[in-house]
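See structure below.
Whatever order the structure lists ligands and atoms in, that order sets their numbers, starting from 1. All values reported here derive from a predicted model rather than from experimental measurement.
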Amino acid sequence: MKKIGGKINGWDAAYQKKPQQFTEPDRICTLADVLFPKYGVKRILDLGCGNGRHLVYFGKAGYQVYGSDLSDWGLKAASRWLGEEGIPSRLALADMQVLPFADASFDAILSFRVLQHNLFADIRATFLEIERVLRPDGLLVMDLLRFDPDSDRFKKAIMVEPHTYVLRAGTERGMPHHTFTKAEVFGLLQNWKIKFFNTQQDKKHFTIIAQR
Ligand SMILES: C[S@@+](CC[C@H](N)C(=O)[O-])C[C@H]1O[C@@H](n2cnc3c(N)ncnc32)[C@H](O)[C@@H]1O
């Protein structure tokens, strides 16, 4: 477990132990394949890219891909994989709340299994940062952990604010998990156009595509 900038990130040790944590792209990528050309997407940021499964997927398809993550071991794994595929490695070690990119740098931002790892105030700040680095009319493709009052998943966790839990064990021990209500999602995206909104089959996440 590693603490960077005051944030605990158990994923760092996980990537050190097993660099290829995630290999298959999320299913929503097939919809992004159709939407990205339609919206003139060329340059993509994967926010919380981990070991780079989506950087490789979209890099192979010819997009200019950039990744940022809080885990240096994750970025090392991503860099190695990108190198093997002959895709330029454009990676930044950064907290999602403070991105080292200029305003309107990207046509699309991806973020899978990442944005929930914050307290809600920090999630709001992250959305402002996403709005800053995404160009007007750019696309955000993401999933968010879903609030489910019937779920047992966080029964043994510590609730640190409404719907935000800190796990006591496992890879994500010490990391916050905010579970989103639909109202929260629509509140965060009130100035966005929602293009796709779905509950994943596992019922644990919402999958969303929104346009700035
Ligand atoms: C479940 S993994 C998902 C990785 C990748 N998005 C994927 O789908 O393969 C969660 C990722 O979020 C990153 N992460 C957690 N907190 C972060 C933060 N505050 N800023 C940037 N990345 C963060 C972790 O290092 C880890 O790579």
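- Looking at ligand 1, you won't find any N or O of Arg113 less than 3.5 Å from one of its N or O atoms.
- Atom numbering of ligand 1 starts at 1 in the shown order; those under 4.0 Å from a heavy atom of Tyr15 are 2 (S), 4 (C), 26 (C), 27 (O).
- Those atoms of ligand 1 with a heavy atom of Ala94 less than 4.0 angstrom away are 20 (N), 21 (C).
- A ring pair (Phe, Tyr, Trp, His ring centres under 6.0 Å) with His177 holds for exactly one of Phe154, Tyr165, Phe147; it is Phe154.
- In the displayed structure, Glu24 atom CD is contacted under 6.0 Å by at most 12 heavy atoms of other residues, nucleotides or ligands.
- In this structure, the side chain of Arg212 engages the main chain of Glu131 through a donor-acceptor pair within 3.5 Å.
- The N/O atoms of Asp46, backbone and side chain alike, include none that comes under 3.5 Å of an N/O atom in ligand 1.
- In Cys49, the part holding a heavy atom less than 4.0 Å from any atom of ligand 1 is the backbone.
- Distance from atom 24 (C) of ligand 1 to its nearest protein heavy atom, with residue and atom name: Asp69 OD1, 3.5 Å.
- When the options Arg43, Gln64, Arg135 are evaluated for a side chain to side chain donor-acceptor pair (under 3.5 Å) with Asp107, the one that passes is Arg135.
- Between Trp192 and Phe127, the ring planes are perpendicular. Angles over 60° get that label, and only those under 30° would be called parallel.
- At a heavy-atom cutoff of 4.0 Å, ligand 1 is contacted by no atom of Ser68, backbone or side chain.
- Only one option out of Lys204, Arg113, Gln116 pairs with Asp143 in a side chain to side chain donor-acceptor pair (under 3.5 Å); it is Arg113.
- Among all non-hydrogen protein atoms, the one lying nearest atom 23 (C) of ligand 1 is Leu70 CB, 3.8 Å.
- Using a 3.5 Å distance cut-off with no hydrogens or angles, the side chains of Asn9 and Tyr15 do not pair a donor with an acceptor.
- In terms of protein heavy-atom proximity, atom 20 (N) of ligand 1 is nearest to Met96 N, 2.9 Å.
- Within the listing of ligand 1, atoms 3 (C), 5 (C), 6 (N), 8 (O) sit less than 4.0 angstrom from a heavy atom of Phe112.
- When Leu47, Thr171, Asp95, Val114 are ranked by how near their heavy atoms come to atom 19 (N) of ligand 1, first place goes to Asp95.
- Using a distance-only test at 3.5 Å, with no hydrogens or angles considered, no donor-acceptor pair links the side chain of Asn51 to the main chain of Gln20.
- Annotation: Arg53 places an N or O atom under 3.5 Å from an N or O atom of ligand 1; distance criterion only.
- Taking only nitrogen or oxygen atoms, main chain and side chain alike, Gly48 reaches within less than 3.5 Å of ligand 1.
- Side chain of Arg173 to main chain of Gly10: no donor-acceptor pair is present (N/O by atom type, distance under 3.5 Å, no hydrogens or angles).
- Here's the thing with Asn9: one of its N/O atoms is less than 3.5 angstrom from an N/O atom of ligand 1.
- In this structure, Gly52 falls outside the shell of residues with a heavy atom less than 4.0 angstrom from ligand 1.
- Among protein heavy atoms, the minimum distance from atom 15 (C) of ligand 1 is reached at Met175 CE, 3.9 Å.
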Please test Asp95 against Lys7 for salt bridge (charged side-chain N to carboxylate O under 4.0 Å, His left out), starting from the C-alpha separation and ending with a verdict.
CA-CA 9 Å; Asp95 188 311; Lys7 290 197 178 165; 3.0 Å; yes
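- With a 4.5 Å cut-off on side-chain heavy atoms, Leu99 and Leu47 count as touching.
- Only the side chain of Trp11 comes within 4.0 Å of ligand 1, counting heavy atoms alone; its backbone N, CA, C and O stay farther away.
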